[in-house]
Amino acid sequence: FVVPDADGPAGHALASVAGALGAAVCSTPADVLMTRYQHAASSGGAGTSGPGAGGLLGCAALIYREDGPMGFYRGFAPFFVRLCPVFILSLPLTEQLRRLCGLGYI
């Protein structure tokens, strides 16, 4: 396995994909929970803020009980694929703009 030059375009692209992976791993559970909670609230199902529903924690418990811990990562692949282009464009662009302004790499 050959590691590209860390300050070159290939190194920045590789670091951007790693950053997108980290962002997807950290934010997918919150995204799944928010989506399920909002859907349940709009349809009047479990996880709403009604009496005895449990609110947001009740919705999280329901996801865990029905799907296990991997239920929080439902939709991970599309979320990661959606983040990759954003990270691949924005992070290297930021680095190159910093270099052009004489600030150096982060």
Side-chain angles (χ1 to χ4, degrees):
F1 181 71
V2 178
V3 178
D5 179 25
D7 287 335
H12 286 172
L14 186 62
S16 296
V17 171
L21 179 65
V25 166
C26 292
S27 59
T28 299
D31 189 53
V32 168
L33 183 59
M34 178 193 67
T35 302
R36 293 273 299 262
Y37 181 73
Q38 288 176 339
H39 176 70
S42 68
S43 63
T48 62
S49 57
L56 194 59
L57 291 177
C59 187
L62 184 64
I63 293 171
Y64 186 79
R65 190 169 46 251
E66 288 180 352
D67 302 322
M70 292 309 292
F72 290 100
Y73 287 95
R74 188 173 273 186
F76 175 81
F79 191 64
F80 174 66
V81 169
R82 187 177 73 208
L83 284 180
C84 274
V86 174
F87 275 61
I88 288 174
L89 290 175
S90 64
L91 297 182
L93 182 62
T94 301
E95 291 292 332
Q96 295 306 314
L97 287 174
R98 286 180 57 86
R99 187 180 63 86
L100 288 174
C101 293
L103 297 173
Y105 293 119
I106 294 179

Atom pair [atom1] ([X]) and [atom2] ([Y]), whose distance is rounded to the nearest 0.5 Å:
| X | Y | atom1 | atom2 | value |
| --- | --- | --- | --- | --- |
| M70 | I63 | CE | CD1 | 13.5 Å |
| T94 | H12 | OG1 | NE2 | 10.5 Å |
| R36 | L56 | CZ | CG | 12.0 Å |
| L97 | E95 | CG | CD | 10.0 Å |
| I88 | L83 | CD1 | CG | 10.5 Å |
| M34 | C59 | CE | SG | 11.0 Å |

Cluster question for you: counting only ILVMFWY and a side-chain heavy-atom cut-off of under 4.5 Å, with indirect links fine, are Y64 and V32 together?
-> yes
Spell out, yes or no, whether L89 and L14 are grouped together once hydrophobic residues are joined by side-chain heavy atoms under 4.5 Å, including indirect joins.
-> no
Is the number of heavy atoms from other residues, nucleotides or ligands under 6.0 Å of L57 CG greater than 12?
-> no
Any idea how F76 and F80 line up, ring-wise: parallel (<30°), tilted (30 to 60°), or perpendicular (>60°)?
-> parallel
List the atom of F87, the atom of S16, and the distance in Å for their closest heavy-atom pair.
-> O-OG, 3.2 Å
Short side-chain to backbone donor-acceptor contact, T28 and Y73, under 3.5 Å = no
